[in-house]
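Numbering starts at 1 and runs along the sequence shown.
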Amino acid sequence: QVQLVESGGGLVQPGGSLRLSCAASGITFSMYAMSWYRQAPGKERELVAIIYTFGSSTNYADSVKGRFTISRDNAKNTAYLQMNSLKPEDTAVYFCNARSTSDSYTNFWGQGTQVTVSS
């Protein structure tokens with residue numbers, strides 16, 4: 001079975017840092033673009049960052065550019081989101097997504113991990 005399991009969320013003070021992990025199984029990890037989304041209460045789910053398979057190029061939402069870094073370790077079948085200089089508006093449930101580069105209809109989601117930025 002395909003599984004994406006997020007970890008690393010929690011409560012952090014403004015200005016602090018967290019690193020989220022997304023461990024994938026049941027897929028050929030290197031053939032999937034990996035991305036992080038987030039959803040705050042009452043708001044739509046939004047794309048935070050994406051890392052592609054070819055050359056590991058990346059894109060970021062303007063709101064997190066310069067503060068967040070997405071990366072992947074194909075040997076460990078894991079994607080990461082390093083979050084620095086966290087702000088209260090970063091509070092949300094963060095979801096990991098995997099999308100096949102050969103078939104874009106093949107798309108998987110993790111269950112999400114809560115990130116709360118508050119003093």
Side-chain angles (χ1 to χ4, degrees):
Q1 288 287 335
V2 175
Q3 285 190 308
L4 301 178
V5 180
E6 300 99 333
S7 62
L11 175 64
V12 65
Q13 294 183 345
S17 298
L18 286 173
R19 189 183 72 164
L20 306 183
S21 298
C22 174
S25 60
I27 61 172
T28 304
F29 183 79
S30 62
M31 299 302 297
Y32 283 74
M34 302 298 298
S35 60
W36 289 93
Y37 290 75
R38 67 186 181 187
Q39 188 168 22
K43 295 185 177 180
E44 296 291 320
R45 188 172 299 186
E46 64 174 344
L47 177 66
V48 176
I50 185 168
I51 183 166
Y52 298 97
T53 59
F54 303 113
S56 295
S57 59
T58 59
N59 280 303
Y60 298 90
D62 288 341
S63 59
V64 307
K65 196 171 298 182
R67 299 188 298 120
F68 291 10
T69 302
I70 188 171
S71 61
R72 65 190 298 158
D73 187 336
N74 288 345
K76 296 181 178 180
N77 288 356
T78 301
Y80 305 94
L81 185 68
Q82 178 67 46
M83 305 185 294
N84 299 326
S85 302
L86 282 162
K87 305 174 180 180
E89 51 262 46
D90 295 317
T91 296
V93 177
Y94 284 71
F95 297 90
C96 179
N97 175 267
R99 186 177 298 275
S100 175
T101 58
S102 61
D103 179 5
S104 63
Y105 295 101
T106 302
N107 185 32
F108 304 102
W109 291 92
Q111 295 300 307
T113 184
Q114 176 71 49
V115 172
T116 302
V117 185
S118 176
S119 60

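The minimum heavy-atom distance linking Ser30 with Arg72 is given by the pair CA-NH2, 4.0 Å. The shortest non-hydrogen separation linking Val115 to Met83 is CG2-CE, 3.9 Å. Shortest non-hydrogen contact noted between Thr78 and Ser21 is CG2-CB, 4.3 Å. Counting all heavy atoms, side chain and backbone alike, Met31 lies closest to Thr101 at O-OG1, 2.8 Å. The shortest heavy-atom contact between Gln114 and Ala92 is NE2-O, 3.4 Å. Between Ile27 and Ala98 the shortest heavy-atom distance is CD1-CB, 4.2 Å.
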- Please assess Gln82 against Phe68 for the test side chain to side chain contact (heavy atoms under 4.5 Å, CB included), listing each intermediate value before the final yes or no. CA-CA 5 Å; Gln82 178 67 46; Phe68 291 10; over 6 Å; no

- Task: Please report the C-alpha distance between Thr69 and Tyr80 in whole Å, then the side-chain angles of each, then the deciding distance to 0.1 Å, and finally whether the side chain to side chain contact (heavy atoms under 4.5 Å, CB included) criterion is met.
- Result: CA-CA 8 Å; Thr69 302; Tyr80 305 94; over 6 Å; no

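The one candidate from Ser118, Pro88, Ser85 that meets the side-chain contact (heavy atoms from CB on, under 4.5 Å) condition with Pro14 is Pro88.
Counting heavy atoms of neighbouring residues, nucleotides and ligands inside a 6.0 Å radius, atom CD of Gln39 exceeds 12 of them. The environment of Glu89 atom CD is dense: over 12 non-hydrogen atoms of other residues, nucleotides or ligands sit within 6.0 angstrom.
Side chain of Thr113 to backbone of Tyr94: no donor-acceptor contact under 3.5 angstrom is found. Between the side chain of Glu6 and the main chain of Gln111, a donor-acceptor pair closer than 3.5 Å is present.
Once rounded to the nearest 0.5 Å, the distance linking CG of Asn77 with OG of Ser25 reads 8.0 Å.
For Ser17 and Asn84, the side-chain atoms include at least one donor-acceptor pair closer than 3.5 Å. If you check the side chains of Ser100 and Asp103, you find no donor sitting under 3.5 Å from an acceptor.
Legend: residues meeting salt bridge (Lys or Arg N to Asp or Glu O under 4.0 Å) with Lys65, ordered by chain and number and at least two apart, are Asp62. The salt bridge (Lys or Arg N to Asp or Glu O under 4.0 Å) test applied to Arg67 returns Asp90, not counting sequence neighbours.
Ile70 and Val93 are members of different hydrophobic clusters when ILVMFWY side chains are connected at heavy-atom separations under 4.5 Å. At a threshold of 4.5 Å between side-chain heavy atoms, the hydrophobic network of Ile, Leu, Val, Met, Phe, Trp and Tyr places Leu81 and Ile50 in two separate groups. In the hydrophobic cluster analysis, where Ile, Leu, Val, Met, Phe, Trp and Tyr join through side-chain heavy atoms closer than 4.5 angstrom, Val48 is grouped together with Val12. In the hydrophobic clustering of ILVMFWY residues, with side-chain heavy atoms under 4.5 Å counting as a link, Leu4 and Tyr52 come out apart.
Counting only heavy atoms from C-beta outward, the side chains of Cys96 and Met34 approach each other to under 4.5 Å. The shortest distance between side-chain heavy atoms of Arg38 and Ser63 falls below 4.5 Å.
Remark: Arg45 is positioned above the aromatic ring of Phe95, its terminal NZ or CZ atom under 6.0 angstrom from the ring centre and at most 45 degrees off the axis.
For the ring pair (Phe, Tyr, Trp, His ring centres under 6.0 Å) condition, the pairs that include at least one residue of residues 1-45, sequence neighbours left out, are Tyr37-Trp109.
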